[in-house]
Each structure stands twice: as C-alpha cells, then as structure tokens.
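Quick notes on the structure that follows.
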Amino acid sequence: MSELSNLAELAHFVGKSRLTSTDERARRRALAGLTARLDPRSQRRGVGELLGVVLALSARTRRMVMPRVEVEIDVFAPGGKRALRMNLGHHTQ
C-alpha cells in the first residue's frame, strides 16, 4: 500500500529548485552555494576521515594481492547420504 502512495507522490512531484527562480539574485545565490559545495578545497578532512580512507585502500590492496581462497562444505545426513555440498570460490588446477 505504501509503495502505491510513494508512486503517487512521485507522479505529482514538482521540482522546486532555486535555480529556476525568476529572481536573478536568488539564482546567483543558489548557483554560488552549489559550486561552493563542489569545490574540493573547501572540504577540510579530519584526521579520522583520512585514516579511514588509508585503511580502506590498504585492505582493498591486500585483498587484491592475497591468493584466492576456496571453501568446500560437505554435509552428510545421519543415514550416511550426502545432504549438501557447496563449493565457494574458483578451483584452479
């Protein structure tokens, strides 16, 4: 039910951007605010954020360098018959 109401809201959506305003000053302020947010020099990164980026790149590089792992699970039922067999990974031989 909520999906239909969300779709109905989307169908009646009207954009309210200040960039389409008839007032020239309002358009200029909106454009200046937009470009200020896009300027990478204005975004000061904290030490914690930079450390997080370094750790993420380090982990990604480590995963790329490490050899692939293959996991094989073989489960048998109490009667001795195979219940489940799963291979996760690529077999390279």
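Everything numeric here is computed off the predicted structure, so don't read it as measured data.
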Say whether, by atom type as modelled, one donor and one acceptor occur between the side chain of T61 and the main chain of L57 under 3.5 angstrom.
yes

Grab the two heavy atoms, one from A77 and one from A83, that are nearest each other, plus how far apart they are.
N-CB, 3.9 Å

Can you give me the closest heavy-atom contact between D74 and R82, atom names plus distance?
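In terms of heavy atoms, the two residues are closest at OD1-NE, 2.7 Å.
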
Evaluate V53 against L51 for side-chain contact (heavy atoms from CB on, under 4.5 Å), listing each step before the verdict.
CA-CA 5 Å; V53 169; L51 182 59; over 6 Å; no

State the CG-CZ distance between D23 and R28, to the nearest 0.5 angstrom.
10.5 Å

